[in-house]
Participant: 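Sharing a structure, written as structure tokens. Questions coming.
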Amino acid sequence: MLQPVCPLSEIPPGEAYRWATEPAVAIFHTEDGEVFAIDDTCTHQDASLADGWLEGCEVECPLHASRFDLRTGAVDAPPAKKPVRTHRVEVTDGVVHVELSKEPPNLPPGAKP
Amino acid sequence: MDKVAIVGASLAGLAAVRALRRQSFAGEIVVVGAEPHLPYDRPPLSKDFLTGAVTVTDLALTHDGEDLGADWRLGVTATGFDPRTRAVHLDTGEVIRADGVVIATGARARPIEHLGVHTLRTLDDALALREALKQTGRLVVIGAGFIGAEVASSARKLGWDVTVVESLPTPLAGQLGTEMGEIVSRLHGDHGVRLLTGLPVTGLTGTDRIEAVELADGTRLPADLVVAGIGAIPNVEWLESAGGLAAATSVPGVVATGDCTGSQHWTFALEHPATAVAELLGTDPPVTKPPYFWSDQYGVMIQFAGHHAPGDTVRIVEGDPERRSFLAVYERDGQPSAVLGLNQPKLFTRWRRQLRSAPQEA
Ligand SMILES: Cc1cc2nc3c(=O)[nH]c(=O)nc-3n(C[C@H](O)[C@H](O)[C@H](O)COP(=O)(O)OP(=O)(O)OC[C@H]3O[C@@H](n4cnc5c(N)ncnc54)[C@H](O)[C@@H]3O)c2cc1C
Ligand code: FES
């Protein structure tokens, strides 16, 4: 089920929006104008990926530099080892809609599920 | 180039293997590591590993099922090096000859030679310290650098009565400058940990177990456990036969990376091997980012990037030091040179990015 989240105009290109659902979702608007949604919490420790360093279609975790591919959720190198969940995004009439994944999330050790 | 030997099987060694494969090296790779373990992550050893939130399995730096096609020679120590023939001599008596050699032997904890004083560098050190922390009592931490401060914070969380002693007047002044070092070291007091500065340790007492730490002003601190965090020594003695690290790396086909070069930061050991390997293979080196490190103390995330030098001015651009949540920018000649964040990951990342576009010294 697609859920409306926020107007795309609220996320400038190169920036991210943290959607405080459970678990939180990060929505990225790339410099190229693409929009992606992934779980906001890094799979390594409790860091918000929306705070990370966006470069092309990858976000670098703000704490320990693991990079996640926004298209697939895949992680390039430790310390994070598990991919982050991706969610389907659609932008309709200027509004970002997200369909939450039904896969179990890969939350870091110690994080509340 | 058909064969590369990597000496040191930790973060930098592993990053070198990955960089070789990513830069399309299809030849033979041998990795020699003195520890019996596959590469693991050290930063959690002073933090969540001591408190039990992170397990040995969580520390692994290799992915399950990752096949890098390397021959891992673990539990084997390099004892000598001949740069002319690029021959690495091992304690097993064996000699490995390679076309390229990556020196990634890291550093070890500077020891205090006294019965029962713990230091923290390896998984085995951390297992021993975690065990010792299972009871509670009085802990004295010698050295208020990052590792000492993190051990203090973890032990405090486990219910220990903690005193940190530092011979410098201001902890972390070398890394953060006096003003910020002073602010960051207030975290100890915030959490009920005593910090004594400007007082060198003059003695340790106790015969079959440690009993007290004595300071220059005559103070005697009773202790059930003592941990020293007084710096790291690069593991380069095995290169003496080659005239030392600088002489060894002046030979074509020999590069060094990670903590053995004198760096003490995880991100350098992660990123720089790609540059070192590019030099070996003659490929284009990747863009280098300004140095970056972090520390976790008392639930506060401390992040620092850039080059700080004495004489830089520091200005708080966001937040409030009193609330232990702020961003400080260091400036030299009106240009940002470094940035420090406490619990400000988002803003910190922005500034770190700006530093990257600012001109960097070599
Ligand atoms: C407790 C702790 C906490 C830390 N926390 C942080 C942090 O929060 N942030 C941060 O930025 N950095 C932190 N660091 C620093 C970071 O872990 C190091 O920068 C990083 O481990 C360096 O990697 P390296 O591969 O260069 O060296 P090392 O990790 O030191 O590894 C070198 C390896 O080489 C092996 N070796 C040595 N000599 C030989 C030989 N002759 N033959 C074969 N093998 C040999 C060693 O046994 C070791 O396994 C921390 C370090 C410690 C110890
Ligand atoms: S918290 Fe993301 S890499 Fe460590």
Participant: Out of curiosity, B:D41 CG to A:K81 NZ, how far, rounded to the nearest 0.5 Å?
Facilitator: 8.0 Å
Participant: Check whether any side-chain N or O of B:Y292 sits under 3.5 Å from a backbone N or O of A:L63 as a donor-acceptor pair, and report yes or no.
Facilitator: yes
Participant: So which part of B:K47 gets closer than 4.5 Å to some heavy atom of chain A, the side chain, the backbone, both or neither?
Facilitator: neither
Participant: What part of B:A15 gets closer than 4.5 Å to chain A, counting heavy atoms only: side chain, backbone, both or neither?
Facilitator: neither
Participant: Given side chains that start at C-beta, do those of B:D296 and A:Q45 come closer than 4.5 Å, heavy atoms only?
Facilitator: yes
Participant: Mind checking whether B:T349 and A:E60 have side chains closer than 4.5 Å, heavy atoms only?
Facilitator: no
Participant: Is it the backbone or the side chain of B:L59 that comes under 4.5 Å from a heavy atom of chain A, or both, or neither?
Facilitator: backbone
Participant: What part of A:L49 gets within 4.5 angstrom of chain B, counting heavy atoms only: side chain, backbone, both, or neither?
Facilitator: neither
Participant: Is B:T51 in contact with chain A via its backbone, its side chain, both, or neither, using a 4.5 Å heavy-atom distance?
Facilitator: neither
Participant: So what's closer than 4.5 Å to chain B heavy atoms on A:A47: side chain, backbone, both or neither?
Facilitator: neither
Participant: Could you tell me whether the side chain of A:P62 reaches within less than 4.5 Å of the side chain of B:K346, counting heavy atoms only?
Facilitator: no
Participant: Less than 4.5 Å to any heavy atom of chain A: does that hold for the side chain of B:D58, its backbone, both, or neither?
Facilitator: both
Participant: Is it the backbone or the side chain of B:T55 that comes under 4.5 Å from a heavy atom of chain A, or both, or neither?
Facilitator: neither
Participant: When you compare the side chain of B:Q344 with that of A:D51, does any pair of heavy atoms fall below 4.5 Å?
Facilitator: no
